[in-house]
Structures are given as C-alpha cells and as structure tokens.
Amino acid sequence: MEKQTRDGGNKKIRILFLLYLLLVIKLIIFKYPFEQLKAIADTWEKGVILEGLDTANFTLFKTIRMYIDYSYKLNSFENLVGNVAVFVPFGFLFPYVFKWGRNFFVMLLNAFLFVLGIEVFQLFSAFGAFDVDDILLNCLGALIGYFCYFPFEALRQRHLRKSERIERR
C-alpha cells in the first residue's frame with residue numbers, strides 16, 4: 001500500500017493531477033500550433049486585446065442555447081459534452097490531492113478559480129474566447145467528478161479493509 005502524505009494525497013496522484021492541469025491548459029489555451037500562437041502574440045497591443053471584450057460572451061446560457069438551437073449545423077454535442085468532460089477529473093482528483101478539497105465548497109471554489117483564470121487569460125490573450133457558459137459547463141464537470149469521488153473512495157476503502165483482514169489471517 002502506498003504511503004499517504006499529511007494532507008491526503010499520495011505522490012502519484014499529485015503528479016497525475018499536475019499532469020492533468022497541464023494537459024487542460026494545453027488543450028484549452030495552447031491548442032493551436034506554436035506558429036499560430038506566435039502570430040497571435042505578435043499582434044498583441046491594447047486595441048487587439050480589447051477586441052476580446054467584443055467577442056466575449058458574458059450572457060449566461062447564450063452559447064448553450066445557440067448550440068441547442070443550431071445542433072443540426074454545429075458540433076454542439078462535442079462542445080457541450082467536451083466542456084463538461086474535460087473537468088470531471090478535476091473534481092475527482094482534487095479531494096485525493098488535498099484533504100481539505102473534500103469540502104464541497106472548497107473544491108467548487110478551486111474549480112471555479114482555475115476555470116475563471118483560463119477564461120480571463122483567453123479574454124485578454126486572444127488565444128481563445130471568453131465564454132461564461134464555458135465556466136458553467138466546466139464547473140458542472142468538476143461537480144460530476146466530485147460526486148463520483150465519494151462512492152469510488154467508499155468502494156476503495158472497503159476493498160482495502162477486506163485486503164487487510166485477509167492479510168491478518
């Protein structure tokens with residue numbers, strides 16, 4: 001059995017969580033080839049950065065409604081489900097990495113802040129577009145992962161207790 005650290009996570013889970021966070025940043029922010037990102041960065045100036053405010057969606061459910069209304073034309077299912085699915089691991093792994101992350105509000109606040117950071121970076125960098133619906137969908141994904149954590153952990157603990165009883169015999 002692996003040694004647990006003081007705040008509940010083991011080293012492998014911490015590394016997995018860090019790799020997951022880096023993968024999310026790569027997939028969401030740095031999704032374009034380096035040359036394209038460099039070309040975008042070369043255009044950074046006050047006017048271009050402020051254009052992000054014009055293309056941003058600050059209206060809750062606007063993008064979600066658009067995906068539903070035009071589902072026959074757009075890759076709506078992939079966008080909606082993808083925005084949820086990409087953050088399920090956050091909600092699942094966070095309580096393993098941080099003991100205090102088992103608190104619902106702590107996990108949700110951390111997921112929200114991570115997603116908000118990504119969206120604000122997209123808003124001002126032009127490496128994507130700010131969308132308040134992405135924040136909602138990403139946080140929903142983290143909640144799904146969080147609520148999967150507890151039954152999984154209960155099964156894991158039951159299995160560990162059973163294994164310990166067998167070893168004692």
Quick note, side chain to side chain donor-acceptor pair (under 3.5 Å) partners involving residues 63-72, not counting sequence neighbours, are Asn57-Thr63, Thr63-Asp131, Tyr67-Asn79

So side chain to side chain donor-acceptor pair (under 3.5 Å) across residues 136-153, not counting sequence neighbours, yields Asn83-Asn138, Tyr96-Glu153, Arg102-Tyr149, Glu153-Arg156, Glu153-Gln157

Taking all heavy atoms of [X] and all of [Y], pick out the closest pair and write down the distance.
X      : Y      : value
Asp134 : Val115 : O-CG1, 4.3 Å
Ala56  : Leu123 : CB-CD1, 3.7 Å
Leu108 : Cys139 : CD1-CB, 4.3 Å
Val97  : Arg14  : O-NH2, 3.3 Å

Apart from Ile15 itself, members of its ILVMFWY cluster (side-chain separation under 4.5 Å) are Leu19

Inset, instruction - Would you check if the distance from the ring center of Phe58 to the ring center of Phe130 is below 6.0 Å? - result: yes

[atom1] of [X] to [atom2] of [Y]: how many Å apart, nearest 0.5 Å?
X      : Y      : atom1 : atom2 : answer
Ile13  : Leu18  : CD1   : CG    : 13.0 Å
Phe94  : Asn103 : CZ    : CG    : 10.0 Å
Leu113 : Ile135 : CG    : CD1   : 10.5 Å

Across all chains, not counting sequence neighbours, the side-chain contact (heavy atoms from CB on, under 4.5 Å) partners of Val81 are Phe77

*Can you find a pair of side-chain heavy atoms, one from Thr59 and one from Val132, that are under 4.5 Å apart?*
no

| query | Any side-chain heavy atom of Arg158 within less than 4.5 Å of one from Lys162? | reply | no

Residues at least two apart in sequence or cross-chain that pass side-chain hydrogen bond (donor to acceptor under 3.5 Å, both in side chains) with Lys73, listed by chain then number, are none

- Task: Give a yes or no answer on whether the side chain of Asp133 reaches the backbone of Phe61 with a donor-acceptor pair at less than 3.5 Å.
- Result: yes

Tell me whether Leu136 is reachable from Phe105 by hopping between hydrophobic residues (I, L, V, M, F, W, Y) whose side-chain heavy atoms are closer than 4.5 Å.
yes

Could you pull out all donor-acceptor pairs under 3.5 Å where a side-chain atom in residues 20-35 meets a protein atom, sequence neighbours excluded?
unit_1: Tyr20; atom_1: OH; unit_2: Val86; atom_2: O; d: 2.6
unit_1: Lys26; atom_1: NZ; unit_2: Phe30; atom_2: O; d: 2.9
unit_1: Lys31; atom_1: NZ; unit_2: Ile28; atom_2: O; d: 3.2

Only one of Phe112, Phe17, Phe98 passes ring-ring contact (aromatic ring centres under 6.0 Å, His included) with Phe90, and that residue is Phe17

